[in-house]
Each structure stands twice: as C-alpha cells, then as structure tokens.
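Report on the structure given below.
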There are 2 protein chains.
Amino acid sequence: MEFLNDMALFVEVVKARSFRGAADIIGMPNSTLSRRISALEKTIGLRLLHRTTRKIELTEAGQIYYERCKRIVDEAKLAHEQLGEMLSQPSGVLRASLPVDFAVTYMAPLIAEFARLYPGIVFDFDLTSRRVDLVSEPFDVAIRIGEPENSQLIARPLAVLPVYLYASPRYLDRSGEPAEPADLAHHECLGIMKASTWTLHDGAHTTKVSIGSRFTLNSVGMICRLAALDMGIIMMLEKIVADDLASGRLRRVLPQWHGAPVSVYAVTETRLLPAKTQHFIKFLQEHLGRV
Amino acid sequence: MEFLNDMALFVEVVKARSFRGAADIIGMPNSTLSRRISALEKTIGLRLLHRTTRKIELTEAGQIYYERCKRIVDEAKLAHEQLGEMLSQPSGVLRASLPVDFAVTYMAPLIAEFARLYPGIVFDFDLTSRRVDLVSEPFDVAIRIGEPENSQLIARPLAVLPVYLYASPRYLDRSGEPAEPADLAHHECLGIMKASTWTLHDGAHTTKVSIGSRFTLNSVGMICRLAALDMGIIMMLEKIVADDLASGRLRRVLPQWHGAPVSVYAVTETRLLPAKTQHFIKFLQEHLGRV
DNA sequence: ATTTAATGTTCCATTGATGGAGCAATGTTA
DNA sequence: TAACATTGCTCCATCAATGGAACATTAAAT
C-alpha cells in the first residue's frame with residue numbers, strides 16, 4: 001500500500017512520454033523518477049513501460065494500468081481541489097464560544113453582517129462566561145477577552161478596546177464622586193471575578209488602585225445591572241454600557257481616566273482552520289478594530 | 001502531488017478510529033503514522049481529525065475528504081488486484097522470436113498444447129534465424145539455441161538436447177564412412193555459420209575436430225536439405241532429422257559418438273514478465289526437457 | 001559518416017524520513 | 001479516590017531514499 005504516489009508519477013511519465021520530460025514537469029530529478037517507476041514495476045511484478053534509450057511506450061499491462069491510474073490520480077486531484085474550494089467558499093457549521101455580554105453588544109451586528117456575507121455557514125454559538133476547553137469540546141473558535149492563558153492554543157488578536165469607569169448618578173450622589181483614582185479605594189468597585197486591582201491611565205500617568213467589593217461574580221451583564229442599581233462603580237467597555245449611559249442609568253466617572261485597554265482574542269486549538277473559521281476570524285479582525 | 005500514500009494512511013486511521021490500531025493493521029510505527037497524517041493536514045491546510053488523547057473523530061472537512069479518499073484508495077486497490085488477475089489468468093498477445101527449424105520440429109506440438117491450455121492468449125511468432133534485439137523490438141521472449149551471449153538479457157535454460165552426426169547414404173558411399181572423429185577432417189562437414197570445430201563425446205572420451213565445408217549459411221533447414229542432397233555430414237538435433245532418417249535420406253554417422261549437447265534458453269529483456277510470458281516459459285521448461 | 005544533443009540508468013555522498021522509547025493526558029477499574 | 005492502562009505525540013539516533021553527475025546509447029543533424 002505504498003505505491004499510490006508512484007502511480008501518480010507513472011501517469012506523469014506516460015503523459016510526457018518521457019522520463020526526463022516528466023521529471024521536469026514534476027520538478028524531480030529524473031534519477032529518482034526512474035528508480036520510483038522501477039520500484040513500482042517490481043512491486044506489481046510487471047513491466048509497465050517498454051524503454052529504449054530514445055523512446056518509451058506502454059506495455060499491455062502498462063496500457064491497462066495507465067487507464068486506471070489516470071482516473072484515480074485525477075480523482076485525487078479533484079478531491080483536493082474541492083477541499084480548496086471549501087477553503088474559499090466556506091460552509092458548514094461554525095461552532096464558537098463567545099463571552100456572552102461582549103457578544104451581545106459588540107459582536108451581534110458583526111455576526112449578522114458575516115452571516116449575510118456567507119450564506120453557506122450555519123452558526124452554533126455557545127455564550128458563556130467560562131473558558132471552554134477547546135481541546136475536548138468541538139469548538140472551532142473561542143472569543144476571549146484579556147490576555148491568553150499560557151497553553152498550546154493559538155490566540156489571534158482581534159482588537160484592543162478602551163474601558164472606562166461608570167456608576168449610576170444615585171450611587172455617586174450617595175457615595176460621592178471620586179476626583180482622582182486613589183479615591184476609588186473607598187468605593188464599591190464591581191470587578192469581574194476577584195480582580196483586586198484596577199490600572200488606570202490618563203494621558204500622562206498610570207496608577208494602580210486596589211479595589212474591593214462585596215460582590216464576586218462572573219457576569220458582565222450582572223455587574224452592569226448592579227451598577228445601574230446603584231451598587232457601585234464598574235470599569236467597562238464603552239458599548240456595553242451604551243444603553244445605560246444614554247438612558248442616564250449610568251454616567252462616566254473620572255472621565256479623564258481610562259482603564260487598561262482590554263485585548264480581544266480569537267483562540268483556536270490549531271492553526272489548520274477550515275475556511276469558515278478562517279473567514280470568521282479575519283472578518284472579526286477587520287471589523288472589531290474599527291468599532 | 002506527494003500525498004496519495006498519506007491518503008491511504010488517513011483512510012486506515014479513520015477505519016480503525018485510532019492511530020495505534022491503524023498502525024498495527026498497516027504494520028507501521030504509530031509515530032510515523034501520526035507524523036504522516038499531520039503532514040497531510042498541513043499540505044491541504046485543514047485539520048482532518050479532531051484528536052483527544054483518547055478518541056479521534058472526523059472534522060467536517062475530514063468527513064468529506066474521507067468519503068473521497070476511501071473511493072480513491074479502493075479503486076487503486078482494485079486496479080492492483082486486476083493486474084494480479086492478469087498475472088494468474090494470462091491473456092494478450094505473446095510475441096516470441098523462435099529459431100525457425102527448432103520451432104517447427106520441437107516446439108510446434110508444445111505450442112499447440114499451450115494454446116489449448118490458455119485460450120486467452122494470442123500468438124505472434126517471429127521465426128527467424130537471426131538473434132533479434134529484445135531491447136528495441138517488442139518481443140516478450142526469444143528462444144535461443146546455444147550459450148547466451150554476454151549481455152544484460154535474462155536467459156532461463158529450457159532443455160539440454162543431444163546432437164548426433166548424420167549424412168546421406170549416397171554421400172557416405174561416395175566419400176567413405178568415417179570410423180573415428182579424426183576422419184571428419186577429410187569430410188565435408190556442414191556447420192551453422194562459420195563454426196570451425198565440432199566437439200564429440202562417446203561414453204569415455206571427448207575429442208575436438210576441425211571441420212571445413214564449402215558452405216557458410218545460417219539455416220538449419222537448408223543444411224539438412226543439403227545433407228539429404230549428399231553434400232556432407234551434419235551435426236543435428238534428433239528430431240530435426242527424424243523425417244529424413246525415417247525415409248532413409250539420412251543415416252547416423254559415428255553412432256557411438258555424439259556432439260556437445262546444446263542448451264535451449266528462453267531469453268527475456270527483464271525479469272518482470274507478464275503472466276503469459278511466465279506461463280509460456282514455465283510450460284516449455286516442463287515439456288521440452290522430457291521430449 | 002561524423003558529430004551533436006538528448007535519453008534512461010547507475011553511482012554514491014548527503015539528507016530527509018523512520019521508528020523505538022519516553023511523555024503527558026485521559027478513560028477505566030478497583 | 002487512586003492506581004493503572006492506553007492513547008496520540010515528540011525526541012533523536014539510525015537508515016534508506018534522494019538527487020547531482022557521469023555514463024552508455026541512440027536519433028537527429030550536419
């Protein structure tokens with residue numbers, strides 16, 4: 001079962017009606033070609049080509065073998081071409097794991113646009129806040145916020161987005177409006193998980209403040225909701241609080257400061273991606289940055 | 001175009017649903033198998049198998065690719081099986097070069113029998129006395145009398161046949177009957193081509209005599225005819241002169257002596273023979289010796 | 001007839017593939 | 001829960017496949 005490549009070589013030799021010619025076409029030294037064809041003849045126990053120094057012609061067995069080989073090799077080439085088309089005309093199910101709130105606010109319109117662009121793709125999104133295991137679960141890609149953990153996964157940066165501080169007017173009335181970052185130490189700062197410090201920048205300075213809160217949770221949406229309900233200050237991506245901002249439920253705090261911009265990554269288990277995934281990631285890279 | 005073998009490996013892996021299992025089936029270390037599949041995935045730029053340490057399953061691309069690969073690999077196997085059948089059920093045209101007189105007397109009945117045995121074979125015999133060039137002319141096999149010349153051809157011995165001395169009664173009346181080998185020096189000894197000596201044996205002794213004749217020719221039939229026409233003594237295979245012997249046109253000379261037995265060879269250009277040729281040679285080996 | 005250019009094969013140093021052992025990861029069993 | 005067995009992958013010494021050059025041979029060109 002190690003003769004299939006040699007079959008392809010044989011087909012080339014017959015087509016070129018010459019070892020040297022075929023070798024040039026394939027891009028292989030004729031010595032190798034000669035040896036490989038000889039090996040093929042030996043494994044099947046029949047002479048396929050009748051060689052003189054100047055000409056080669058098919059034997060009877062070679063004639064029959066060639067007809068079959070040509071079909072087989074052509075079919076193999078076709079199979080690869082069609083895989084190539086799969087790469088350029090993506091289709092199939094795209095399974096992605098998305099951070100729920102980021103997906104809802106930032107990605108929804110992009111996904112709608114992408115779906116319009118590639119009607120062949122069907123989507124299967126898993127919106128969670130947990131970091132799914134790409135190795136054991138059959139996700140094509142996971143979108144992740146923040147630095148990629150140290151693993152063998154491939155992380156492609158999609159965008160770097162600014163974050164700002166927000167709170168509800170009533171909270172600020174009650175607890176006072178912080179004038180500088182250090183003031184945050186005396187506020188209820190709602191962070192994701194158990195993040196214990198916020199890093200803030202203005203044009204010139206960078207400062208780190210320890211934060212504390214009575215809440216530990218893993219839902220961005222819930223944090224925003226809590227903030228809108230006057231429970232504290234949040235550091236958040238712009239778009240996520242856009243509605244609350246517009247309706248006046250939240251308003252910017254320390255407006256000349258911003259948090260450390262968060263990076264968004266597309267994470268995959270491998271570099272060998274089907275077209276659908278490649279296009280999805282490329283699309284996000286091109287459109288997420290400009291938001 | 002160097003991925004066809006890997007396609008076959010991929011098919012085996014999918015069938016076995018395991019790298020190790022497939023490796024055992026193929027008889028190949030799993031390390032190689034793993035590397036080859038990875039290489040295949042890299043060349044087509046798509047992941048074909050979703051691997052966990054415990055299980056493997058096809059990706060979408062792998063699914064499609066597998067369907068096609070299976071067909072292709074099966075077809076390739078079939079092509080080889082059919083070539084194998086060509087080997088076991090010979091058919092086609094058997095082109096052979098035969099020494100004309102030897103063929104007529106010794107081989108004709110064998111050929112008739114062989115033709116009955118293998119109805120699929122069609123025959124194309126070239127009966128000449130010249131030694132055809134097997135390399136440039138499309139003969140499957142040549143039957144040759146006497147030692148094979150030093151060349152790259154493959155010679156398989158078919159039989160070793162005794163030769164005796166014959167002359168016409170009238171020639172012997174006229175020129176005297178030789179009583180011992182040395183007497184031949186004074187006789188007209190008709191040899192093929194320009195053979196200048198005859199080697200004779202009786203049970204115990206071997207002797208070499210120089211021979212001479214006015215005729216140089218390359219036809220055994222013509223020599224026999226000349227001998228029957230009282231032109232000299234010939235050293236000949238038994239069967240060739242059987243008719244002349246029976247009709248009394250020739251009779252044995254020096255009956256206790258015989259010539260150096262001649263070997264008959266089947267000569268081919270290569271060892272990789274189609275079934276028809278293999279069977280033909282085997283048949284001749286089995287039947288020529290017993291004549 | 002003689003030269004020329006081109007063919008398929010062979011030789012041999014080099015390189016790339018190979019495969020056994022070990023590894024981390026994971027499903028299974030006690 | 002812990003020990004075990006099995007999986008696919010990786011490392012590296014070894015070996016076989018490779019490809020450039022030379023060769024013998026031959027058809028075409030002069």
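The structure displayed is predicted, hence computed values, not measured ones. Lettering of chains follows the sequences in order, A, B, ..., and the numbering in each one begins at 1.
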Original post:
So, B:Y265 and B:E147: side-chain donor and acceptor under 3.5 Å apart, yes or no?
Top reply: yes

Original post:
What is the distance from CD1 of A:I26 to P of D:dT18, rounded to the nearest Å?
Top reply: 12 Å

Subject >> Length of the CE-P vector between A:M28 and C:dG8, whole Å >> reply: 15 Å

Original post:
Where the side chain of A:I56 is concerned, which of D:dA21, D:dG8, C:dG8 is the nearest nucleotide?
Top reply: C:dG8

Original post:
Nearest-Å distance, CG (B:L272) to P (C:dT9)?
Top reply: 12 Å

Original post:
Charged N to carboxylate O below 4.0 Å: is that the case for B:E75 and A:R68?
Top reply: no

Original post:
Side-chain donor-acceptor pair under 3.5 Å between A:R144 and A:S263, yes or no?
Top reply: no

**OP:** Name the nucleic acid region contacted by B:R36, choosing base, sugar-phosphate or nothing; use a 4.0 angstrom heavy-atom cut-off, strictly under.
**Re:** sugar-phosphate

Subject >> Between C1' of C:dG27 and NZ of B:K55, the distance in whole Å >> reply: 9 Å

**OP:** Would you indicate which nucleotide in C:dT7, D:dC9, C:dT10 comes nearest to any side-chain atom of B:R20?
**Re:** D:dC9

Original post:
Can you tell me if the side-chain N/O atoms of B:S34 get under 4.0 Å from OP1 or OP2 in D:dC9?
Top reply: yes

Subject >> Candidates D:dT7, C:dG8, D:dT18 - which lies nearest the side chain of A:R35 >> reply: D:dT18

Original post:
Roughly, in whole Å, what's the span from CD in A:E57 to P in C:dG8?
Top reply: 13 Å

Original post:
Which pair of heavy atoms, one from A:L87 and one from A:A275, lies closest together, and at what distance?
Top reply: O-CB, 2.6 Å

Subject >> Rounded distance in Å - NE2 (B:H50) to P (C:dA25) >> reply: 17 Å

Original post:
Given D:dC9, is OP1 or OP2 found less than 4.0 Å from the side-chain N or O atoms of B:S31?
Top reply: no

**OP:** Could you say whether B:N30 or A:E2 is positioned toward the 5' end of DNA chain C, judged by the nucleotide with the nearest heavy atom to each?
**Re:** A:E2

Original post:
Which part of the nucleic acid, if any, lies within reach of B:S38 when heavy atoms closer than 4.0 Å are counted: base, sugar-phosphate only, or nothing?
Top reply: nothing

**OP:** Provide, to the nearest angstrom, the distance between the CZ atom belonging to A:F19 and the P atom belonging to D:dT25.
**Re:** 18 Å

**OP:** Assign the ring pair A:F125 / A:F123 to parallel, tilted or perpendicular, where the plane angle (0 to 90°) is split at 30° and 60°.
**Re:** parallel

Original post:
Between D:dT6 atom C1' and B:R51 atom CZ, what is the distance in whole Å?
Top reply: 17 Å

**OP:** Scan A:L33 against the nucleic acid and name what it touches under 4.0 Å (heavy atoms): base, sugar-phosphate only, or nothing.
**Re:** nothing

